[in-house]
Trainee: 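Attaching a single structure in structure tokens format; questions to follow.
Below, all heavy atoms of this structure are taken into account, side chains as well, without hydrogens, waters or symmetry copies. All chains are named by letter (A, B, ...) in the order of the sequence lines, taking the proteins before the strands, and each is independently numbered beginning at 1. This structure is a prediction, so every number in the text was calculated from the model and none was measured.
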There are 2 protein chains.
Amino acid sequence: MKHLAAQRGKGGPLKKKTQIAQGSLSRIQEKNRALILEAALQEFSKVGYSGATVERIATAAGMSKSNLLYYFPSKAAMYESVLGRILDDWLAPLRTLDPLGDPAQELRAYIGSKLTISARHPQASRLFANEIMRGAPRLGRVLETDLKALVADKCDVIESWIKAGKIRPVNPVHLIFTIWATTQHYADFAPQVRAITGTDLSDPDFFAETEKTVTDLILAGLGLQMPQAAKVA
Amino acid sequence: MKHLAAQRGKGGPLKKKTQIAQGSLSRIQEKNRALILEAALQEFSKVGYSGATVERIATAAGMSKSNLLYYFPSKAAMYESVLGRILDDWLAPLRTLDPLGDPAQELRAYIGSKLTISARHPQASRLFANEIMRGAPRLGRVLETDLKALVADKCDVIESWIKAGKIRPVNPVHLIFTIWATTQHYADFAPQVRAITGTDLSDPDFFAETEKTVTDLILAGLGLQMPQAAKVA
DNA sequence: GCAAAACCTGACCAAACGGTCAAAATGAGG
DNA sequence: CCTCATTTTGACCGTTTGGTCAGGTTTTGC
């Protein structure tokens, strides 16, 4: 998962030999690269790759276009850097799914993590959505190797819970897709959610309501809900 | 919901007076407009509005860029036309949710319809996703008026089922969001689904498996699943 | 405090883009 | 076959965009 990380090789800075150790960056570089990546994330996630302009990103980062291109050799390189930067955070929640834990607790935690990311980093969610909807031109390999392996691994976990009779039988991969879909929906389609409900996940009450409803629905779907079958008058 | 439909007013064809009746189009116009809208849908849904170029759409439609611009005054007009064309089909399934019907049957049918659209018209799904992710600049009004009203109406339906004790209590709007999210996921994120599973909804077996899993999960989540609580050894 | 490296800028360029226009080609009606 | 409206084209234009470059300014190491 490193092939997407900072691959500044030539054309940008850091090409001279008198470098501060290996791969480390000067204070200015660190600050400016961070500013650029943050601005780029905002821009890319808002208008997509083709809609983004280097000029606007530079302005948002508080520097000239030329200066930005001093740090990143091209728009494409900048995009890949942004993508790589958030990829690990993106996959982290799924990694923590523990086969030895209690299914209800594990899934609750996973759904909660994903929803928290949707609330706190909706731009990241939208960036991935954009990338994948365009056919994952730069993420394709990662999906087919790392992500596929990770999902296969966690499918085994779910399968083991099923075999142990801890949850109802479901196709594990669809369960994972369902969790992704529902949680990311609130970030990716926030404008629609806002149009209909008037709020979004940044509102703590709405977040709580969403988390409860989605979690209950999925856990009940797996036969994991506490004995509360009926509750009507 | 008509403000987005064909609003060819000036600049294009049909501006002369010797017209074939009111609003009707010549055979050539009909054919070419259809070709253009089809090509435009493909292009817009694949690369987004900003990523699409008039030239490529024209080539895909089998005509020159100039000729395309004879039929549609601008790229923006073409985009809105595509959007309006598929909007009604998009909302239709939700409209059919019948308060008098059996909840399980109704929801089954709704999920099935949405998933069928994801399978047969994934481009349409992606186009809407793109539009909404960009902040719904041209669909905003429709969402806040028509869609909001429609959802409110159907939330009442679901609420009535809850009050009647036919389904477990859930926040209706989140239930609708969950159905949208899960079904559209397979169209919008098809590249990811393919990377992980090797197929997509165009494969009948995969479609069937998806429909069954998603439907069962949601219905069970609502307490609607037949008495099959446990099935383990 | 002084070189040398790192950082930054504005002017510039070629390509791609959306859109215009005059004129040619094509079709339909008499 | 002629005429006129419709359809189609290619040449063209102004703007925007990603990217380059030569040179100026600041920071850093000694």
Trainee: Please lay out, stage by stage, how B:Thr183 and B:Ile111 fare under the test side chain to side chain contact (heavy atoms under 4.5 Å, CB included).
Mentor: CA-CA 7 Å; B:Thr183 54; B:Ile111 293 170; 4.1 Å; yes

Trainee: With a 4.0 Å cutoff (strictly under), does any side-chain N or O of A:Tyr71 reach OP1 or OP2 of C:dC7?
Mentor: no

Trainee: Mapping B:Ser50 and B:Ile28 onto DNA chain C by nearest heavy atom, which one lands closer to the 5' end?
Mentor: B:Ser50

Trainee: Show the numbers, then the answer: is there a ring-ring contact (aromatic ring centres under 6.0 Å, His included) between A:Phe207 and A:Tyr186?
Mentor: CA-CA 10 Å; A:Phe207 181 95; A:Tyr186 293 90; 9.4 Å; no

Trainee: Which heavy-atom pair separates A:Thr197 from A:Thr199 by the least distance, and what is that distance?
Mentor: OG1-O, 3.0 Å

Trainee: Mind calculating the distance between CD (B:Glu30) and P (D:dT7) to the nearest angstrom?
Mentor: 12 Å

Trainee: Students often get this wrong, so: under 4.0 angstrom with heavy atoms, is A:Ala58 touching a base, only sugar-phosphate, or nothing?
Mentor: nothing

Trainee: Considering only side-chain heavy atoms of A:Thr53, which listed nucleotide, C:dT9, C:dG18, D:dT17, is closest?
Mentor: D:dT17

Trainee: Would you indicate, yes or no, if D:dT8 has its OP1 or OP2 atom less than 4.0 angstrom from a side-chain nitrogen or oxygen of B:Tyr70?
Mentor: no

Trainee: In whole angstroms, how far is the P atom of C:dC7 from the CG atom of A:Leu35?
Mentor: 14 Å

Trainee: Of all residues at least two apart in sequence or in a different chain, which pass the salt bridge (Lys or Arg N to Asp or Glu O under 4.0 Å) check with A:Glu131?
Mentor: none

Trainee: Taking CD1 from A:Ile57 and P from D:dT17, how many angstroms apart are they, rounded to a whole number?
Mentor: 12 Å

Trainee: Are the side chain of A:Thr213 and the backbone N or O of A:Thr210 linked by a donor-acceptor pair below 3.5 Å?
Mentor: no

Trainee: Tell me the interatomic distance from A:Leu69, atom CG, to D:dA22, atom C1', rounded to whole angstroms.
Mentor: 16 Å

Trainee: Please report the distance, rounded to the nearest Å, between CD in A:Glu55 and P in D:dT20.
Mentor: 16 Å

Trainee: Taking the side chain as everything from C-beta on, heavy atoms only, tell me whether B:Phe177 gets closer than 4.5 Å to A:Thr182.
Mentor: no

Trainee: Nearest whole angstrom, please: distance from the P of D:dT16 to the CZ of A:Arg56.
Mentor: 12 Å

Trainee: Check whether any side-chain N or O of B:Gln29 sits under 4.0 Å from OP1 or OP2 of D:dT6, and answer yes or no.
Mentor: no

Trainee: Taking the six-membered ring of B:Tyr49, is NZ or CZ of B:Lys75 closer than 6.0 Å to its centre and within 45° of its axis?
Mentor: yes

Trainee: Take the protein atom NZ of B:Lys31 and the nucleotide atom C1' of D:dT6, then report the distance between them rounded to whole Å.
Mentor: 14 Å

Trainee: Write down the distance between CE (B:Met63) and C1' (D:dT7), rounded to a whole number of angstrom.
Mentor: 11 Å

Trainee: Which protein N or O atoms sit under 3.5 Å from an N or O of nucleotides 10-15 of chain C?
Mentor:
| from | atom 1 | to | atom 2 | distance (Å) |
| --- | --- | --- | --- | --- |
| C:dG10 | N7 | A:Ser66 | OG | 3.1 |
| C:dG10 | O6 | A:Ser66 | OG | 2.6 |

Trainee: How is A:Ala76 classified with respect to the nucleic acid when contacts are heavy atoms under 4.0 Å: base, sugar-phosphate, or nothing?
Mentor: nothing

Trainee: It should be established whether A:Asn32 places a side-chain nitrogen or oxygen under 4.0 Å from OP1 or OP2 of nucleotide C:dC8.
Mentor: yes

